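As the structure lists them, so they are numbered: ligands from 1, and atoms in each ligand from 1. This one's a predicted model, so the numbers in the text were calculated from it and none came from an experiment.
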Amino acid sequence: MTSFLPARRHVRTPFVKSPTHLDALADAVPRPYWLDGRQAPEPSSALTADTHADLVIIGGGYTGLWAALQAKEADPDLDVVILEADTCGAAASGRNGGFCASSLTHGISNGMDRFAAEMPELEAQGLDNLDEIERAVLKYGIDCDFLRSGELNVATEPYQLDELGRAAELAASLGHDVRLLSAEETRREVNSPTYLGALSMPRSVAMLDPARLAWGLRDACLSHGVRIYEWTKALSLNEESHGIEVRTPYGKVRAARGILATNGFPPLLKRLKNYIVPVYDYVLVTEPLSAEQLASIGWKGRQGVGDSANQFHYYRLTEDNRILWGGYDAIYYYGGPVRSELTLRPDTYAVLADHFFQTFPQLEGVKFTHRWGGVIDTCSRFCPFVGTAMGGRLGYALGFTGLGVGATRFAAGALLDQLYGRYTERSRLRLMNSKPLPLPPEPFRWIGIQLTRWSLNRADENSGRRNLWLRSLDRVGLGFDS
Ligand SMILES: Cc1cc2nc3c(=O)[nH]c(=O)nc-3n(C[C@H](O)[C@H](O)[C@H](O)COP(=O)(O)OP(=O)(O)OC[C@H]3O[C@@H](n4cnc5c(N)ncnc54)[C@H](O)[C@@H]3O)c2cc1C
């Protein structure tokens, strides 16, 4: 997740450090709220025999599902297979915050730093992409509580107000509908005593139920004849004379073309390890708020909210008026392991709970019902890249960092254009034809990330003053974000 504010934000965090709200976590189950006991589709059978296809897609999150759906929309006769190690939407796509942003570049400021000349086009195509997602939700009857309610980027420190002003001008110049709100106006939208002002972007972000979006896309794929094999982990990928071969535990898939859509999981194409790291992001969800509790915070517009520190929180209402509260800590573990036990992190939940009650003291006494985490695929430029390998037969779309709900559709489409040799508006973008700077190997990777996190934390505590390390990274266009 990100906000539209500049990536280099100068904010002193107002939050305390010793946990005081552990009781609110006492009954929080360690499962994503979105996936908990809610009408998940019956899983498809695993692949148990060798098969052929025109296109094989590895990974059944948004990237894989959007790729399959758009491939079928373009050519209904194409035989498309998805191989999913778990069930579709079980990973990041079914456990995220559900902020579906138009930004393709992890925020406007990050985009300006890296793709300034292309930004008018990137923002226009990003807004089109969000419109297309809204159209697909309607067209396929996807019941995912899609609401184009926008986002509020709130200032909680005086010096953030100037940044909001600059961000508003920039966003308006790039075609966004924006409004700067005073402290009073902000608190009329969502009432926290910590707010000093906000930038409202009512059309640039939609809120949705992430798991129901993934399940709806899965249904749409099936109705188009996509063959989905769940509980089917791809074990290896090999180039063949006429295509690629993917080995799974019980069968092989031979296909003319393939797509790797495996996000932060270990990539089957080894060289991609140089570009992405798995980073864990953590979330809490409260019990449903009563009418009085809801009235005490307002929030009639149901916008997503993000604050403005380097280590930021994102939060929103669910359909049944719970508050989803996530972000702040973004954790990288040495060597980049992806393991389900790492999606649970008690220390982070304790910190998140405290920050929640500091933001909404009027909700003292509210309990959390769910706590979880998930993996994002952070790259050094924080926004997606696509590319091909194996003589143009294998494509990949990765690097979404924490803002992939909307961008996955776009990147999957651009990747299909590349794989099938179509020259389109999106496939010719520099964003879609360039790679992030590679990350150093371990132990330098871990040391660099820890030093960067430590420095970002220091900057948040010291009115945003960036130390020599951060300034050096800024100069070469590197950093760490979620
Ligand atoms: C806690 C959290 C909050 C977030 N909040 C937001 C938000 O509010 N807004 C936003 O825009 N973004 C958010 N994100 C990021 C967003 O969820 C992701 O960018 C997006 O879901 C990526 O989709 P994907 O399909 O690429 O990856 P995934 O959903 O991770 O899918 C990859 C799939 O590949 C499968 N797979 C991996 N290896 C193999 C293999 N060898 N064989 C077969 N299958 C394999 C996995 O099982 C998985 O299902 C958040 C992420 C997290 C974790």
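Atom numbering of ligand 1 starts at 1 in the shown order; those under 4.0 Å from a heavy atom of R95 are 1 (C), 2 (C). Every atom of ligand 1 is numbered from 1 in the order shown, and the set under 4.0 Å from a heavy atom of D281 is 1 (C), 2 (C), 3 (C). Close approach to L83 involves these atoms of ligand 1, each under 4.0 Å from a residue heavy atom: 43 (C), 44 (N). Against a heavy-atom cut-off of under 4.0 Å, I58 is close to the following atoms of ligand 1: 40 (C), 42 (N), 43 (C). Per-residue contacts place G97 under 4.0 angstrom from the following atoms of ligand 1 (heavy atoms of the residue considered): 3 (C), 4 (C), 5 (N), 6 (C), 7 (C), 8 (O).
Checked by distance only, ligand 1 and T63 come closer than 3.5 Å through their nitrogen or oxygen atoms. The shortest N or O to N or O distance between V283 and ligand 1 is not below 3.5 Å. For ligand 1, the polar-atom distance check against C100 finds no nitrogen or oxygen pair separated by under 3.5 Å. Taking any N or O of G404, backbone or side chain, at least one lies under 3.5 Å from an N or O belonging to ligand 1. For a threshold of 3.5 Å applied to N or O pairs, the pair formed by Y62 and ligand 1 contains at least one separation below that value. For a threshold of 3.5 Å applied to N or O pairs, the pair formed by G402 and ligand 1 contains at least one separation below that value. For a threshold of 3.5 Å applied to N or O pairs, the pair formed by T87 and ligand 1 contains no separation below that value. Between N96 and ligand 1, at least one pair of N/O atoms sits closer than 3.5 Å. At under 3.5 Å, not a single nitrogen or oxygen of F265, backbone or side chain, sits near a nitrogen or oxygen of ligand 1.
Counting only distance, with no hydrogens or angles, the side chain of D377 and the backbone of G399 share a donor-acceptor pair below 3.5 Å. Side-chain atoms of D36 never come within 3.5 Å of backbone atoms of P32 as a donor-acceptor pair (strictly under, hydrogens ignored). Under the 3.5 Å distance criterion, the side-chain polar atoms of T232 are matched with a main-chain donor or acceptor of L47. For the pair R302 (side chain) and T318 (backbone), a donor-acceptor distance under 3.5 Å is present. Side chain of S103 to backbone of G107: a donor-acceptor contact under 3.5 angstrom is found.
When heavy-atom distances to ligand 1 are checked against a 4.0 Å cut-off, L398 has no atom that comes that close, whether in backbone or side chain. Only the backbone of T232 comes within 4.0 Å of ligand 1, judged by heavy-atom distances. At a heavy-atom distance under 4.0 Å, only side-chain atoms of T408, from C-beta outward, approach ligand 1.
Nearest-residue assignment for atom 45 (C) of ligand 1 (options A85, G373, G326; heavy-atom criterion): A85. When A91, S93, G60, G374 are checked for heavy-atom proximity to atom 21 (O) of ligand 1, S93 turns out nearest. Scanning T248, V279, D86, I376 for the heavy atom closest to atom 51 (C) of ligand 1 points to I376. Closest to atom 32 (C) of ligand 1 by heavy atom, among A261, G89, G59, is A261.
Heavy atoms of Y314 approach ligand 1 to within less than 4.0 angstrom. Residue contact check for ligand 1: D377 places no non-hydrogen atom closer than 4.0 Å to it.
A cation-pi arrangement, defined by a distance under 6.0 Å to the six-membered ring centre and an angle within 45 degrees of its axis, is absent between R381 and F115.
Between Y275 atom OH and F385 atom CZ the span is 7.5 Å, to the nearest 0.5 Å. Residue R31 holds its CZ atom at 10.0 Å from CZ of R371, rounded to the nearest 0.5 Å.
No more than 12 heavy-atom neighbours from other residues, nucleotides or ligands sit within 6.0 angstrom of NZ on K233.
Pairs of residues two or more places apart, or lying in two chains, that qualify as side-chain hydrogen bond (donor to acceptor under 3.5 Å, both in side chains) and include a residue from residues 209-218 are R38-D209, S44-R218, D143-R212, D209-R212, R212-E319, R218-E230.
Between F356 and F368, a ring centre-to-centre spacing shorter than 6.0 Å is recorded.
Between R227 and D79 a salt bridge is recorded (basic side-chain N to carboxylate O distance below 4.0 Å). Ionic pairing of D417 and R426 is present here: one or more N-O contacts between side-chain nitrogen and carboxylate oxygen are shorter than 4.0 angstrom.
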Between side-chain atoms of residues 84-96 and protein atoms elsewhere (two or more places apart, or another chain), which donor-acceptor pairs fall under 3.5 Å?
from, atom 1, to, atom 2, distance (Å)
E84, OE1, G60, N, 2.6
E84, OE2, D86, N, 2.7
S93, OG, Y62, N, 2.9
R95, NE, A90, O, 3.1
R95, NH1, G373, O, 2.8
R95, NH2, A90, O, 3.2
N96, OD1, G98, N, 2.7
N96, ND2, Y62, OH, 3.3
N96, ND2, A92, O, 3.0
N96, ND2, S93, O, 3.2

